[in-house]
Amino acid sequence: MNSNAAARHSIDSDILIPRFREIGDIVLDLFHRDGRIADRWLALHPREFKLVWRLADQPGEPLSKRELLSDVWRIDFEPETNSVAVHVARVRAKLARFGLASVLATHPERGYFLDVPSAQSVFAFGEMRPGKAD
């Protein structure tokens, strides 16, 4: 993890972590530790949420399995398991209910990333997003 990423993740840091992150149609809520699409929660498990939250730090930028194991699982070696791939598959399955499985993409050589479309949301819920007045 580079020094900028370390500063974002450090509890002693003076940098405030936002409560919400928007990734296209997905709104991540740090307080609830879950994601929402329109008015429906994804029901992410804790590690699934950490995985998506970490990828949301740098949308579009692939993170390797080793980087995710270090940042999300907090281990500095590569175990002989497919835990990262399993968690990615579970998140994709939850996103697939909304036709958004492709948002969590795989780069063949570099790892996983959030492929955030630049087009406007397919869901008309702008007034429901956090921080927006009715």
Side-chain angles (χ1 to χ4, degrees):
M1 178 166 30
N2 65 37
S3 61
N4 290 338
R8 282 194 303 273
H9 297 295
S10 172
I11 293 173
D12 297 329
S13 166
D14 289 336
I15 299 170
L16 296 176
I17 299 172
R19 176 178 173 186
F20 299 103
R21 285 191 174 157
E22 292 187 33
I23 304 137
D25 293 318
I26 306 161
V27 177
L28 296 176
D29 185 330
L30 185 59
F31 180 76
H32 289 284
R33 294 203 172 270
D34 202 354
R36 193 179 74 225
I37 297 172
D39 62 346
R40 298 195 52 205
W41 292 102
L42 293 172
L44 296 173
H45 292 279
R47 189 75 44 123
E48 294 168 353
F49 177 81
K50 287 181 184 179
L51 172 67
V52 178
W53 187 267
R54 176 60 184 100
L55 291 169
D57 273 346
Q58 299 161 300
E61 184 176 319
L63 294 173
S64 69
K65 177 181 175 182
R66 182 172 286 275
E67 289 172 307
L68 291 171
L69 286 168
S70 175
D71 296 349
V72 177
W73 277 258
R74 301 288 187 215
I75 56 176
D76 292 325
F77 64 94
E78 242 178 280
E80 298 290 324
T81 68
N82 62 347
S83 185
V84 174
V86 168
H87 281 78
V88 166
R90 288 179 183 165
V91 172
R92 282 185 181 143
K94 291 176 182 186
L95 293 172
R97 294 181 296 176
F98 303 93
L100 296 172
S102 64
V103 169
L104 182 43
T106 304
H107 186 283
E109 293 98 30
R110 297 186 50 216
Y112 301 100
F113 65 99
L114 293 178
D115 188 13
V116 183
S118 59
Q120 191 167 6
S121 172
V122 295
F123 296 100
F125 65 101
E127 66 277 352
M128 295 178 64
R129 291 192 183 192
K132 304 267 181 169
D134 287 332

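Every heavy atom of this structure was used, including side-chain atoms; hydrogens, water molecules and symmetry mates were not.
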ask   = Mind checking whether F31 and F20 sit in one hydrophobic cluster, side chains of I, L, V, M, F, W, Y counted as touching below 4.5 Å?
value = no
inquiry  = Hydrophobic clusters here meaning ILVMFWY residues chained together by side-chain heavy-atom distances under 4.5 Å, can you tell me if V86 and L95 are in one?
reply    = no
inquiry  = Using only atom types and a distance under 3.5 Å, with no angle test, would you say the side chain of D115 pairs donor to acceptor with the backbone of V103?
reply    = no
note = Minimal heavy-atom distance between G35 and L44, with the atoms involved, is N-CD1, 3.8 Å
inquiry  = Going by side chain to side chain contact (heavy atoms under 4.5 Å, CB included), name the residues that satisfy it together with S83, two or more places apart in sequence or in a different chain.
reply    = W73, T81, H87
ask   = Does R90 reach the side chain of H45, with side-chain heavy atoms less than 4.5 Å apart?
value = no
query = Can you name the nearest heavy-atom pair linking A56 to I23, along with the distance?
reply = CB-CD1, 3.7 Å
key: Partner set under side chain to side chain contact (heavy atoms under 4.5 Å, CB included) for R92, not counting sequence neighbours   = V88, A101, L104, T106, Y112
inquiry  = For the backbone of L42 and the side chain of R97, can you confirm whether one donor and one acceptor N or O come within less than 3.5 Å of each other?
reply    = yes
ask   = Between CD of E109 and OG of S64, what distance do you get to the nearest 0.5 Å?
value = 13.0 Å
ask   = If we only count heavy atoms from C-beta on, is the L69 to P79 side-chain gap below 4.5 Å?
value = yes
key: V72 vs R47 side-chain heavy atoms within contact, under 4.5 Å   = yes
task = Please step through salt bridge (Lys or Arg N to Asp or Glu O under 4.0 Å) for the pair R21 and D29, ending with a clear verdict.
result = CA-CA 7 Å; R21 285 191 174 157; D29 185 330; over 6 Å; no
ask   = Between E48 and K94, does a salt bridge (Lys or Arg N to Asp or Glu O under 4.0 Å) hold up when you go through it step by step?
value = CA-CA 10 Å; E48 294 168 353; K94 291 176 182 186; 2.7 Å; yes
query = Nearest heavy-atom pair of S70 and D76: which atoms, and what distance?
reply = OG-OD1, 3.4 Å
request  = Measure the shortest side-chain to side-chain distance between H32 and R19 over non-hydrogen atoms and say whether it is less than 4.5 angstrom.
outcome  = yes
task = Identify whether W41 and V52 are in the same connected component of the hydrophobic contact network (ILVMFWY, side-chain heavy atoms under 4.5 Å).
result = no
task = Supply the atom-to-atom distance W53 CH2 to D34 CG, rounded to the nearest 0.5 angstrom.
result = 12.0 Å
ask   = Any side-chain heavy-atom pair from R33 and F49 closer than 4.5 angstrom?
value = yes
query = Taking all non-hydrogen atoms of both residues, which atom of V116 and which atom of P59 are closest, and how far apart?
reply = CG2-CB, 3.8 Å
request  = Taking E61 for its side chain and Q58 for its backbone only, find out whether a donor-acceptor pair lies under 3.5 Å.
outcome  = no
query = Hey, does L55 have a side-chain heavy atom less than 4.5 Å from the side chain of L68?
reply = yes
query = Is there a side-chain contact between R40 and F98, using heavy atoms and a 4.5 Å cut-off?
reply = yes
